[in-house]
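For reference, the structure is listed below as structure tokens.
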Number of protein chains: 2
Amino acid sequence: MGSAMAVPLYQAKAEFFRMLGHPVRIRVLELLGEGPKQVRELLTDTGVEASSLSQQLAVLRRAGIVASAREGSTVTYALAGPDVADLMLAARRILTEMLAGQVELLDELRESAVSRARS
Amino acid sequence: MGSAMAVPLYQAKAEFFRMLGHPVRIRVLELLGEGPKQVRELLTDTGVEASSLSQQLAVLRRAGIVASAREGSTVTYALAGPDVADLMLAARRILTEMLAGQVELLDELRESAVSRARS
DNA sequence: TGATGAATTGCAGAGTTCTTCAATTGATCA
DNA sequence: TGATCAATTGAAGAACTCTGCAATTCATCA
């Protein structure tokens with residue numbers, strides 16, 4: 001404990017969320033939530049360029065949120081720990097609520113736009 | 001339901017996380033978790049430039065995660081709904097676990113670096 | 001060994017986000 | 001009204017991220 005260069009917690013949090021902030025990375029994490037997957041599977045499931053996927057996998061690897069293992073000529077990825085799966089579930093739950101909230105908000109906005117138009 | 005231009009869910013998620021991915025925005029959300037705050041309070045608590053804070057508040061506002069209300073010459077911000085507070089709590093919990101995991105991972109890395117150095 | 005397939009890395013250009021300065025809006029009060 | 005404080009907006013440059021091409025690594029197998 002007590003490193004020479006402690007990163008403030010709020011900054012670590014921000015970096016963590018930023019790391020999650022990319023559609024391909026989200027998809028990969030959700031796919032890995034189902035279980036370990038080979039890169040070829042991730043490739044076909046996401047439909048992105050091989051090198052582009054690799055770049056995003058590298059981001060997740062550097063963050064320590066996934067782990068890769070070479071098996072012969074193929075590479076398999078998996079979530080780095082059970083917490084990560086929990087995290088993805090929590091995020092999904094939270095986001096579903098959030099998006100529901102946004103829909104309501106949208107309705108409100110629509111409503112007030114209408115009343116503004118009427119006046 | 002069923003808008004003309006539905007955004008894929010994983011993209012909405014990515015945007016949401018990206019929106020969280022900034023140290024000042026994280027700090028603001030945590031401060032607002034304690035209760036509504038005036039901009040002046042946020043200013044002194046975060047210590048950033050006024051215009052910089054305003055920019056970040058605008059990001060949170062556009063995302064619909066905070067709400068602002070003018071009261072005389074000052075403006076007060078609050079979390080836009082109870083889900084948001086839950087979200088922040090969940091994120092904190094998750095991240096604490098994650099960071100603990102990272103420390104372990106770091107220990108492992110240190111360990112393997114040492115054994116590599118030995119061989 | 002060389003040819004092939006799987007995955008990664010390096011890199012350049014396009015695009016996005018951050019910060020800061022200056023200008024603006026809105027409210028208060030002498 | 002004009003002076004002042006609070007907060008926001010606009011805009012420009014620096015910094016960062018993303019994509020896709022080309023080159024590379026690593027393993028397999030004829």
Side-chain angles (χ1 to χ4, degrees), chain A residues 7-8 10-29 31-32 35-80, chain B residues 7-8 10-29 31-32 36-80 116:
Chain A
V7 175
Y10 58 84
Q11 192 174 331
K13 287 188 191 179
E15 274 163 27
F16 177 74
F17 284 124
R18 183 182 297 177
M19 182 272 285
L20 293 178
H22 188 287
V24 171
R25 297 197 289 263
I26 293 287
R27 293 199 81 189
V28 166
L29 290 177
L31 288 167
L32 294 184
K37 296 250 182 302
Q38 295 187 334
V39 172
R40 22 181 37 260
E41 298 180 75
L42 296 175
L43 255 176
T44 58
D45 289 357
T46 61
V48 303
E49 265 258 325
S51 72
S52 204
L53 178 62
S54 252
Q55 299 279 5
Q56 305 312 329
L57 288 174
V59 172
L60 297 174
R61 247 187 294 122
R62 264 180 255 125
I65 203 173
V66 305
S68 67
R70 176 147 233 147
E71 284 161 16
S73 69
T74 69
V75 175
T76 300
Y77 276 82
L79 296 184
Chain B
V7 175
Y10 58 84
Q11 192 173 330
K13 287 187 191 180
E15 274 164 28
F16 177 74
F17 284 126
R18 185 181 294 178
M19 181 273 284
L20 294 178
H22 189 287
V24 170
R25 297 197 289 264
I26 293 286
R27 293 200 79 187
V28 166
L29 291 177
L31 288 165
L32 295 184
K37 296 250 184 301
Q38 295 188 332
V39 173
R40 21 181 40 262
E41 298 179 74
L42 295 175
L43 255 177
T44 57
D45 289 357
T46 61
V48 303
E49 265 256 328
S51 70
S52 202
L53 178 61
S54 251
Q55 300 278 6
Q56 304 313 329
L57 288 173
V59 172
L60 296 175
R61 247 188 294 123
R62 264 180 254 125
I65 203 174
V66 305
S68 67
R70 177 146 233 149
E71 285 161 15
S73 68
T74 69
V75 176
T76 300
Y77 276 82
L79 296 184
R116 234 182 295 114

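Residue numbering restarts at 1 for every chain, and letters A, B, ... go by the order of the sequence lines. Atoms considered below: every heavy atom in the structure, side chains included; atoms not considered: hydrogens, waters and symmetry mates.
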Query raised in the report: Which part of the nucleic acid does B:S54 contact within heavy-atom distance under 4.0 Å: base, sugar-phosphate only, or nothing?
Result: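 Contact class for B:S54: base.
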Query raised in the report: Which angle, to the nearest 10 degrees, lies between the helix axes at the two ends of the helix from C:dT1-D:dA30 to C:dA30-D:dT1, each defined by five pairs?
Result: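 Both end axes considered, the difference amounts to 0°.
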Let me have the donor-acceptor pairs involving side chains of residues 50-60 of chain B, under 3.5 Å, with sequence neighbours excluded, atom names and distances please.
residue	atom	partner	partner atom	Å
B:Q56	OE1	B:R25	NH1	2.6

Report task. Could you walk me through whether A:L79 and A:L29 pass the side chain to side chain contact (heavy atoms under 4.5 Å, CB included) test, one step at a time? Result -> CA-CA 7 Å; A:L79 296 184; A:L29 290 177; 3.8 Å; yes
**Report entry** Residue met sooner reading DNA chain D from 5', once B:R40 and B:R61 are mapped to nucleotides
**Finding:**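 Nearer the 5' end of the strand: B:R40.
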Report task. Tell me, with the steps shown, if B:V48 and B:L42 meet side chain to side chain contact (heavy atoms under 4.5 Å, CB included). Result -> CA-CA 9 Å; B:V48 303; B:L42 295 175; over 6 Å; no
Among residues at least two apart in sequence or on other chains, which ones pass side-chain hydrogen bond (donor to acceptor under 3.5 Å, both in side chains) with [X]?
| X | result |
| --- | --- |
| B:R61 | B:Y77 |
| A:R70 | none |
| B:E41 | none |
| A:Y10 | none |

Query raised in the report: Between A:E41 and B:R70, which is nearer to the 5' end of DNA chain C once each is assigned its nearest nucleotide?
Result: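 Its nearest nucleotide being more 5', the pick is A:E41.
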Requested in this report: Just jot down the side-chain contact (heavy atoms from CB on, under 4.5 Å) partners of A:T76, sequence neighbours excluded, or say none.
Outcome: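 Per chain and number, A:T76 pairs via side-chain contact (heavy atoms from CB on, under 4.5 Å) with A:P36, A:Q38, A:E71.
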Requested in this report: For B:A14, check side-chain contact (heavy atoms from CB on, under 4.5 Å) against everything at least two apart and list the hits.
Outcome: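 So B:A14 forms a side-chain contact (heavy atoms from CB on, under 4.5 Å) with A:P23, A:I26.
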Requested in this report: Kindly determine whether A:F16 and B:L20 satisfy side chain to side chain contact (heavy atoms under 4.5 Å, CB included), including the steps that lead there.
Outcome: CA-CA 9 Å; A:F16 177 74; B:L20 294 178; over 6 Å; no
Requested in this report: Using chain B heavy atoms and a threshold of under 4.0 Å, write down where along DNA chain C the contacts begin and end, 5' to 3'.
Outcome: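 Reading along DNA chain C, I get C:dT17 to C:dT28.
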Query raised in the report: How does protein contact run along nucleotides 12-21 of chain D, one letter per nucleotide 5' to 3', with B for base contact, S for sugar-phosphate only, - for none, heavy atoms under 4.0 Å?
Result: -----SSSBB
